Amino acid sequence: MTADWSGHCINEKEKEAEERLHARISAVIESGEVEDIKRMLDDICAEIGGEESLSASMSAQAPAVVAMSRSANDQFLVAGCVRELMEGKSALVRENHEESARLSVVLSLELADYLKIRDFPDPAQAGAGESGKARRKLEDLGVLFDIADSIIENLIELNQYTVEISNTNIKRYDQMVELSNMFYHCQDSIRKESDSA
């Protein structure tokens, strides 16, 4: 509605200007004053000359404008491809994260089962009736259990750290998708501006 009204106003102004020009030309011709007619013809020639130079200037710039428009359209297509790639990669990262999280839960439960080795009797508390050889084997087994316990604790921490890194990657890819969308919209605006030029 606003564009139609704006166009209507411009047409009305052009019509009024044209009517004023016709009235001026008629008045000059009716007056019969040669000097007035010469001045009017000089004004018309100057206006035509100005329009010709403007037209020539616009024609000279046309190839650059066309090249700029093509380049803007190409950049817009590239931005669309970048956005699609980022959205696809982000979806894959999110899917991997979900799989990793599920695997992490399973792994944590499995590792927790292995921590039950802590319940193994302390060799130092072994009965006095056991032989020295049996006691030494129990002590060796106790050392192995301590090592295994430490490794399992490290695996649990590593598992948690992996999940944290995965969460960080998800956030990073969300930001990259947002940036690719901004890039796409900027290129779209540039394309529209260059097309209108």
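Worth saying up front: this structure is predicted, and the values here are computed from it rather than measured.
Leu103 and Tyr161 are assigned to two separate hydrophobic clusters, defined by single-linkage of ILVMFWY side chains at heavy-atom distances under 4.5 Å. Using a 4.5 Å cut-off between side-chain heavy atoms of Ile, Leu, Val, Met, Phe, Trp and Tyr, with links allowed through other members, Phe76 and Phe183 fall into different hydrophobic clusters.
To the nearest 0.5 angstrom, His97 atom NE2 is 4.0 Å from Asn167 atom CG. Interatomic distance, CD of Gln160 versus OG1 of Thr162, reported as 9.5 Å (0.5 Å rounding). Going from atom CE of Met68 over to atom CG of Asn73 covers 10.5 Å, rounded to the nearest 0.5 Å. The line from OG of Ser180 to CD of Gln175 is 12.0 Å long, rounded to the nearest 0.5 Å.
Listed for the Ser71 side chain is no donor-acceptor partner under 3.5 Å among the backbone atoms of Ala67.
Glu98 CD: more than 12 foreign heavy atoms inside a 6.0 Å radius.
Residues Asp74 and Val78 fail the side-chain proximity criterion, which asks for heavy atoms closer than 4.5 Å. The shortest side-chain heavy-atom distance between Leu155 and Asn159 does not fall under the 4.5 Å cut-off. For the pair Leu77 and Gln187, the minimum side-chain heavy-atom distance is 4.5 Å or more. Side chains of Asp188 and Lys192 form a contact here, defined as non-hydrogen atoms less than 4.5 Å apart.
Looking at residues two or more places apart in sequence or on another chain, you find a side chain to side chain contact (heavy atoms under 4.5 Å, CB included) between Tyr173 and Met86, Lys89, Ser90, Val93, Met176.
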One pair to check against side chain to side chain contact (heavy atoms under 4.5 Å, CB included): Ile165 and Asn169. What are the steps and the verdict? CA-CA 6 Å; Ile165 288 176; Asn169 275 343; 4.1 Å; yes
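A salt bridge between Lys171 and Asp174 is absent, with no side-chain N of the basic residue lying under 4.0 Å from a carboxylate O of the acidic one.
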